[in-house]
Amino acid sequence: MHRRDSQPLRLLCVLLLLLASCSGDDAKPSRPKPTDVPIHLLQRWPAQGERAIVALGAECFDAAAVDIPSEVRLQLTLPSPGVLEVALGARDLQERVLLFEINWTPEGGEPTSLLSESIDDDSWHSRRVRIPEALRGPGELALRVRSKGDAAPNAVAFWGSPVWDPDERSDRPNFVLILLDTLRADHVGVYGHDVDTTPRLDALAARGTVFRRAISHAPWTLPSTMSILTSTHPSVHRMFATDRELAGSLTTVAECFRAAGYRTAAFTEGGMVDAQFGFARGFERYHNGNAERDAGETFERARAWLRDRTDSATFVLVHTYQPHVPYRPPRGYLDQVSSPAERGDVHPRLRLGFDANKALLGRRADAKDDAPAPLERPFTFDDLEYIQRLYDGEIRYADEVVGGLLAELDASGERQRTHMVVTSDHGEDFFDHYAFGLHAHSLFEELLHVPLIFAGPGIAAGGSVTPAVGHVDLAPTLLELAGIEVPSTFTGRSLVPALRGRDLPDERPVFSERPPTLRSVTTSRYKLIRATADATERARQRLAVQGKQMRRLIELDIDPLFTDLEGIPAERMLFDLGEDPAERTNLAMQREDLLRGLERALERQTEHDRQIAPDDFRRRKLSPELEEHLRRLGYLGEDW
């Protein structure tokens with residue numbers, strides 16, 4: 001069960017919107033019954049109100065729509081000084097202006113204006129209003145919206161994510177979950193990379209615990225990240241296609257933190273973690289960036305949000321697409337992982353970065369379309385190595401940005417009570433098997449083996465955990481560290497014993513999938529990949545097509561890259577990861593006893609997931625903006 005503070009809850013909603021249909025200046029206000037603060041009502045919006053995650057531009061807030069004009073009055077008691085936070089939003093203003101007003105009237109006193117602001121655009125405006133000591137006690141909070149001048153006939157006003165934050169420091173730990181998209185474990189220093197890509201992450205690992213065999217449950221962002229937030233496999237949450245939204249019957253870890261009184265926010269770069277898929281659930285604020293990614297800007301938003309809430313208990317998710325393609329590290333970061341002398345004369349197509357799809361067609365990384373174009377010269381294997389250095393440069397930049405957040409937490413003193421978790425949703429292909437820069441089509445280690453680092457109060461420094469663990473284990477671990485009850489829908493297990501320096505009670509296999517064609521089961525030593533006949537044939541065709549493309553683009557024969565792949569691709573692929581970490585030799589025909597045992601485990605898990613999978617996910621169509629963003633990231637093309 002979760003522990004309650006002796007002090008009032010930090011996350012306190014004061015805006016109970018009892019919505020009434022209103023018109024004209026004579027609109028009748030709603031008058032909810034008196035209530036005392038502390039109170040946490042954001043999960044209890046009235047049924048007659050339209051409450052939803054509302055996206056205006058790149059920002060999303062949990063909001064309620066109100067008529068124009070309208071007034072809501074709430075009888076309550078303010079027990080202490082603090083800050084009222086609220087987001088003001090509007091849609092379809094058509095160049096009209098709305099006036100948002102918040103007034104507080106102490107019992108027996110005169111009204112005091114807390115906020116009066118005009119909004120003239122279709123966007124969110126987040127505001128923090130300080131309420132002084134003199135206004136504490138019982139009274140009435142009035143929230144009004146009216147049009148200045150002529151009203152726009154289709155305009156809608158929103159009050160978003162109202163929070164009362166008292167001036168009292170929380171003694172509960174903070175949590176920062178960082179997702180570095182497409183970061184494979186073997187390009188991180190603490191996992192053995194021979195290039196200096198991650199000095200800050202390596203230092204963080206030295207202060208905490210590293211999970212050596214952390215496995216993603218899917219080889220691409222949407223299902224993998226949803227597994228992290230819901231502690232369920234892709235076959236359970238069923239978010240393995242872009243035409244759906246997360247089932248309402250599943251709970252996210254953000255919803256658990258918010259219900260327990262935590263301040264919650266997410267700062268992402270959209271795309272496959274867009275709010276349209278359900279990722280924003282449980283977050284007060286969800287930054288849904290959908291432009292060109294920049295880890296620096298994304299992390300600065302997170303840092304700014306945390307600066308204003310040093311007294312609160314917080315749960316923050318930060319996601320960046322660096323080092324996802326296209327590989328265009330900022331100026332100077334490539335030199336930190338590869339000197340100009342080592343680079344030599346690189347291919348002209350690589351001087352502005354690398355984009356896998358465009359490179360295979362002979363296009364520059366900054367090309368506006370995917371039409372084939374003549375090559376200045378063929379690519380060489382030196383060029384292919386240089387592409388990996390571009391990837392390393394992206395990692396080095398992301399590492400520095402993460403280091404900036406850590407340094408700020410150190411300077412403010414917040415690091416001592418903050419749990420930091422760094423991981424990735426999946427890895428990347430670099431011709432390890434039969435793909436290059438086109439992740440999501442296999443379940444080999446280059447796509448599933450990801451870094452996982454925990455650091456924070458009570459976590460063993462210098463810890464190293466070797467048993468295989470999965471992303472479904474993250475959410476139960478975070479909730480146990482926070483003292484919050486784990487919901488029944490979560491299927492992972494807590495890793496807290498390992499974080500305290502103890503052995504995990506048992507070793508559990510980790511299951512990964514790309515439904516319905518690919519599934520795998522991984523232990524600390526062995527791994528089985530099962531593929532349908534159709535998937536195997538498509539893999540062979542892709543191998544042939546890509547080999548043909550690369551023969552056209554590369555002056556050397558591509559065949560040597562594949563001569564040591566025995567029995568790959570195949571419908572059953574069994575690997576001894578201890579002896580064959582690169583998964584070159586398929587042992588399916590030699591170790592039939594082991595094969596049958598892993599197949600039985602995979603079949604049991606598949607049937608279990610089928611039985612518990614909810615059927616209330618919603619079908620939805622991608623917005624044009626999101627569809628274009630996904631295309632820029634390399635999704636939704638012919639091969640996808």
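FYI, side chains are in, hydrogens and waters are out, and symmetry mates aren't considered; it's all heavy atoms of this structure.
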Got [X] and [Y] here, is their nearest side-chain heavy-atom distance under 4.5 Å?
{"X": "Thr423", "Y": "Leu179", "answer": "yes"}
{"X": "Leu222", "Y": "Thr242", "answer": "yes"}
{"X": "Glu101", "Y": "Glu71", "answer": "no"}
{"X": "Phe277", "Y": "Leu246", "answer": "no"}
{"X": "Ile484", "Y": "Phe257", "answer": "yes"}
{"X": "Thr320", "Y": "Asp181", "answer": "no"}
{"X": "Ser170", "Y": "Ser312", "answer": "no"}
{"X": "Ile131", "Y": "Val83", "answer": "no"}

Rounded to the nearest 0.5 Å, what separation is found between the [atom1] atom of [X] and the [atom2] atom of [Y]?
{"X": "Asp150", "Y": "Gln94", "atom1": "CG", "atom2": "CD", "result": "11.5 Å"}
{"X": "Met226", "Y": "Thr221", "atom1": "CE", "atom2": "OG1", "result": "12.0 Å"}
{"X": "Arg281", "Y": "Cys60", "atom1": "CZ", "atom2": "SG", "result": "14.0 Å"}
{"X": "Phe454", "Y": "Leu204", "atom1": "CZ", "atom2": "CG", "result": "11.0 Å"}
{"X": "His471", "Y": "His217", "atom1": "NE2", "atom2": "NE2", "result": "7.0 Å"}
{"X": "Leu474", "Y": "Leu479", "atom1": "CG", "atom2": "CG", "result": "10.5 Å"}

Does a sphere of radius 6.0 Å around [atom1] in [X] hold more than 12 heavy atoms from other residues, nucleotides or ligands, not counting ones at 6.0 Å or beyond?
{"X": "Arg619", "atom1": "CZ", "answer": "yes"}
{"X": "Glu117", "atom1": "CD", "answer": "yes"}
{"X": "Glu133", "atom1": "CD", "answer": "yes"}
{"X": "Arg618", "atom1": "CZ", "answer": "no"}
{"X": "Glu107", "atom1": "CD", "answer": "no"}

Test side chain to side chain contact (heavy atoms under 4.5 Å, CB included) on Met420 and Leu409; report intermediate values, then the result. CA-CA 11 Å; Met420 302 291 303; Leu409 291 174; 3.7 Å; yes

Pair [X], [Y]: side-chain N/O donor-acceptor within cut-off below 3.5 Å:
{"X": "Tyr397", "Y": "Asp294", "answer": "yes"}
{"X": "His233", "Y": "Thr491", "answer": "no"}
{"X": "Glu59", "Y": "His287", "answer": "yes"}
{"X": "Ser123", "Y": "His125", "answer": "yes"}
{"X": "Asn154", "Y": "Asp92", "answer": "no"}
{"X": "Glu140", "Y": "Thr105", "answer": "no"}

Does the pair Val472 and Thr232 meet the rule for a side chain to side chain contact (heavy atoms under 4.5 Å, CB included), with working shown? CA-CA 6 Å; Val472 294; Thr232 60; 5.6 Å; no

Does [X] pair with [Y] as a salt bridge, N-O distance under 4.0 Å?
{"X": "Glu394", "Y": "Arg396", "value": "no"}
{"X": "Glu85", "Y": "Arg285", "value": "no"}
{"X": "Glu400", "Y": "Arg200", "value": "yes"}
{"X": "Asp308", "Y": "Arg263", "value": "no"}
{"X": "Arg307", "Y": "Glu408", "value": "yes"}
{"X": "Glu414", "Y": "Arg169", "value": "yes"}

I need the minimum non-hydrogen distance between Ala295 and Val401, along with the two atoms involved. O-CG1, 3.5 Å

Smallest separation among heavy atoms of Tyr262 and Pro173, with atom names: OH-O, 2.8 Å

Pair Asp67, Arg146 - check salt bridge (Lys or Arg N to Asp or Glu O under 4.0 Å), show working. CA-CA 9 Å; Asp67 293 327; Arg146 59 186 174 88; over 6 Å; no

Let me see the working for Val176 and Asn174 under side chain to side chain contact (heavy atoms under 4.5 Å, CB included), right down to the final yes or no. CA-CA 7 Å; Val176 178; Asn174 297 323; 5.7 Å; no

When you measure from the side chain of [X] to the backbone N and O of [Y], does any donor-acceptor pair fall under 3.5 Å?
{"X": "Ser424", "Y": "Leu183", "value": "yes"}
{"X": "Arg136", "Y": "Pro132", "value": "no"}
{"X": "Asp165", "Y": "Gly82", "value": "no"}
{"X": "Asp616", "Y": "Ser249", "value": "yes"}
{"X": "Arg172", "Y": "Ala482", "value": "no"}

Aromatic centroids of Trp159 and Phe100 separated by under 6.0 Å: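 Ring centres of Trp159 and Phe100 closer than 6.0 Å.
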
Give the C-alpha distance, both sets of side-chain angles, the deciding distance and a yes or no for side chain to side chain contact (heavy atoms under 4.5 Å, CB included) between Ile53 and Gln276. CA-CA 9 Å; Ile53 304 295; Gln276 291 184 38; over 6 Å; no

Given Leu115, Leu114, Val129, the one that forms side-chain contact (heavy atoms from CB on, under 4.5 Å) with Trp104: Leu114

Which label fits [X] and [Y]: parallel for a plane angle under 30°, tilted from 30 to 60°, or perpendicular past 60°?
{"X": "Phe158", "Y": "Trp124", "result": "tilted"}
{"X": "His419", "Y": "Phe175", "result": "parallel"}
{"X": "His324", "Y": "Tyr321", "result": "perpendicular"}

With salt bridge (Lys or Arg N to Asp or Glu O under 4.0 Å) as the criterion, how do Asp410 and Arg415 come out once you've worked through the C-alpha distance, each side chain's angles and the decisive distance to 0.1 Å? CA-CA 5 Å; Asp410 277 334; Arg415 181 90 166 265; 2.7 Å; yes

